[in-house]
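Below is one structure, written out as structure tokens, with a few remarks after it.
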2 protein chains.
Amino acid sequence: MSGGEFNSWQTVQAEVLRRINAREWKPGDFIPNEAELSVEFGCARATVNRALRNLAESGLLDRRRKAGTRVALHPVRKATLDIPVIRYEIEGKGQTYRHIVLLRQREVPPSGIRARMQTEPGVKLVHLVTLHLADGKPYVFGDRWINPEAVPGIESADLTAKSANEWLVVNVPFEGGDFSFSAMTAGPREAEILACKEGEGLFVIDRSTWNQTHVITSVRLTFAPGYRMHTEI
Amino acid sequence: MSGGEFNSWQTVQAEVLRRINAREWKPGDFIPNEAELSVEFGCARATVNRALRNLAESGLLDRRRKAGTRVALHPVRKATLDIPVIRYEIEGKGQTYRHIVLLRQREVPPSGIRARMQTEPGVKLVHLVTLHLADGKPYVFGDRWINPEAVPGIESADLTAKSANEWLVVNVPFEGGDFSFSAMTAGPREAEILACKEGEGLFVIDRSTWNQTHVITSVRLTFAPGYRMHTEI
DNA sequence: CAGATTTTTATGTATATACTTATAATTCAA
DNA sequence: TTGAATTATAAGTATATACATAAAAATCTG
């Protein structure tokens, strides 16, 4: 307590992790309860709680009240990935960032977008197509639909200075988002905009963000060939 | 306190989140310190700490000792994505899972793999190519290299019953991983294995996992056209 | 005045205690 | 015997307190 010898929650977490990895506690096994572990490790129950909670959050343990704590059967490890703000991403690589607005108009969206945006038939949305360049070369282009109802300032915003991507991040809070990652084959349009060959495989991110009341925006980012999204555990 | 009216850390978190979203506390602003907030919310500092820590973990606040807590300038939202175990993913969709081992041999890896796996020149690794099928149709194929030094049982494992993917998840603990997501263009080999056309865009995951001492395995998963990886915030 | 030292301060963590809550297990009742 | 009520239990949370630690700010020094 006063001496200096104590178990931090990290120590406890490391030891529990070691036991899981060493298969001393196997997937599906119940592990001792918090009270028992706190005695074993010579620390407070709160400390054990912190350690186990952390491991549960990262998917290695399953915990339920009264039932107890068990080693996760399907150790679904979770990776966290940052949502890129394109300018930061490019500038972070030491390249210069520039963007061009290719299209900006109010438009009735196609049905797929309308479903995503949950708007009534016939309602016009802001349609925005932007090309982002790194060192002058096409990097990614965004085909974006914005619900002006959810974003009051959008009509008057100067989207040539700051891209919609950045403008929205700074000006419009969102509560939730929905991402999907996939690949597509470059057609004539993509080939022209991204200055690549038709038929090349392109990395695509589809993203919708919303707040309590509205779907704010829905965007498809199509990256030039060679793009990689990276993350670690 | 005893009555029933109290502020849980969730309540505090929700209110802080509201203020951030309402721009009462703008990106870059310092927010009141834990002691002040605990007075304002009528709760213990530990409760405020829990709330703020949580928000910091999800990227909305930046905290530093002594400096204080500020609203993140670049609200890099973090999405967590589950690392797919292919069989679960397919069966989760209600499809039947099957896999075929296309190649399994000890082999000296090409230099790119060798660099990734951090092995000495000339050292042989286990090379394994597996096709995973959903309802009998090609879903993804894995081109995998395994360091037998890190995985003692691998030589004798029956990888026709359980795929290497699943066998490794169950039998080999790992401490860290490295993921990258990208797109490629189907060449003759991919077209043949995945039964798609040459020139189609394919989604690719490159993954390495390691423990303290070794890089365990490095795999490239190439998905059939149409695959989407999905996540929410 | 630059550079080293000390002080101050906000977050970070540990602990004992107490109470809450979900839920498994048990008992009771129809 | 089934279904409802009760009990016991393990995690979940709140709190007061104390000390640790990083780092900004202030002070001291040559």
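In this text, all values refer to a predicted model and were calculated from it rather than measured experimentally.
Between Trp9(B) atom CH2 and dA11(D) atom C1' there is a gap of 14 Å when expressed in whole angstrom units. Put simply, CG on Asn49(B) is 9 Å from C1' on dT13(C), counting in whole angstrom units. Here dG12(C) presents its C1' atom at 12 Å from CD of Glu57(B), a figure rounded to the nearest Å. Between the CG atom of Asn54(A) and the C1' atom of dA14(C) there is a distance of 16 Å, rounded to whole Å. One interatomic measurement links the two molecules: CD1 of Ile31(A) to P of dT9(D), which rounds to 19 Å at whole-angstrom precision. Atom CG of Leu55(B) is separated from atom C1' of dT11(C) by 15 Å (rounded to the nearest Å). Straight-line distance from the CD atom of Gln13(A) to the C1' atom of dA14(C): 16 Å, rounded to whole Å.
With sequence neighbours left out, Glu91(B) forms a salt bridge (Lys or Arg N to Asp or Glu O under 4.0 Å) with Arg87(B). Residues satisfying the salt bridge (Lys or Arg N to Asp or Glu O under 4.0 Å) criterion with Arg19(A), sequence neighbours excluded, are Glu15(A), Glu40(A). Here Asp178(B) pairs with nothing under the salt bridge (Lys or Arg N to Asp or Glu O under 4.0 Å) rule; sequence neighbours left out. Under the salt bridge (Lys or Arg N to Asp or Glu O under 4.0 Å) criterion, Arg63(A) pairs with Glu34(A), sequence neighbours left out.
Within the structure, a side-chain polar atom (N or O) of Gln10(A) is placed less than 4.0 Å from OP1 or OP2 of dT13(C). Checking the phosphate oxygens (OP1, OP2) of dA14(C), a side-chain nitrogen or oxygen of Ser8(A) falls inside 4.0 Å.
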Restricting to nitrogen or oxygen on both sides, can you table the protein-nucleotides 7-10 of chain C pairs closer than 3.5 Å?
from, atom 1, to, atom 2, distance (Å)
dT9(C), O4', Lys66(B), NZ, 3.3
dA10(C), O5', Asn33(B), ND2, 3.4
dA10(C), O4', Lys66(B), O, 3.3
dA10(C), N3, Lys66(B), N, 3.3

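Few gaps surround CD on Glu24(A); more than 12 heavy atoms of other groups in view lie less than 6.0 Å from it.
Glu36(A) comes within 4.0 angstrom of nothing in the nucleic acid, heavy atoms only.
Side-chain N or O atoms of Asp135(B) include one that pairs as donor or acceptor with a backbone N or O of Thr96(B) at under 3.5 Å.
Applying the side chain to side chain donor-acceptor pair (under 3.5 Å) definition to pairs two or more places apart or across chains, those involving residues 215-224 of chain A are Arg144(A)-Thr217(A), Asp206(A)-Arg220(A), Ser208(A)-Ser218(A).
For Arg45(A) and dT17(C), a side-chain-to-base donor-acceptor distance below 3.5 Å is absent, hydrogens and geometry of angles not being considered. Residue-to-nucleotide contacts include no donor-acceptor pair under 3.5 Å from the side chain of Arg50(B) to the base of dG12(D).
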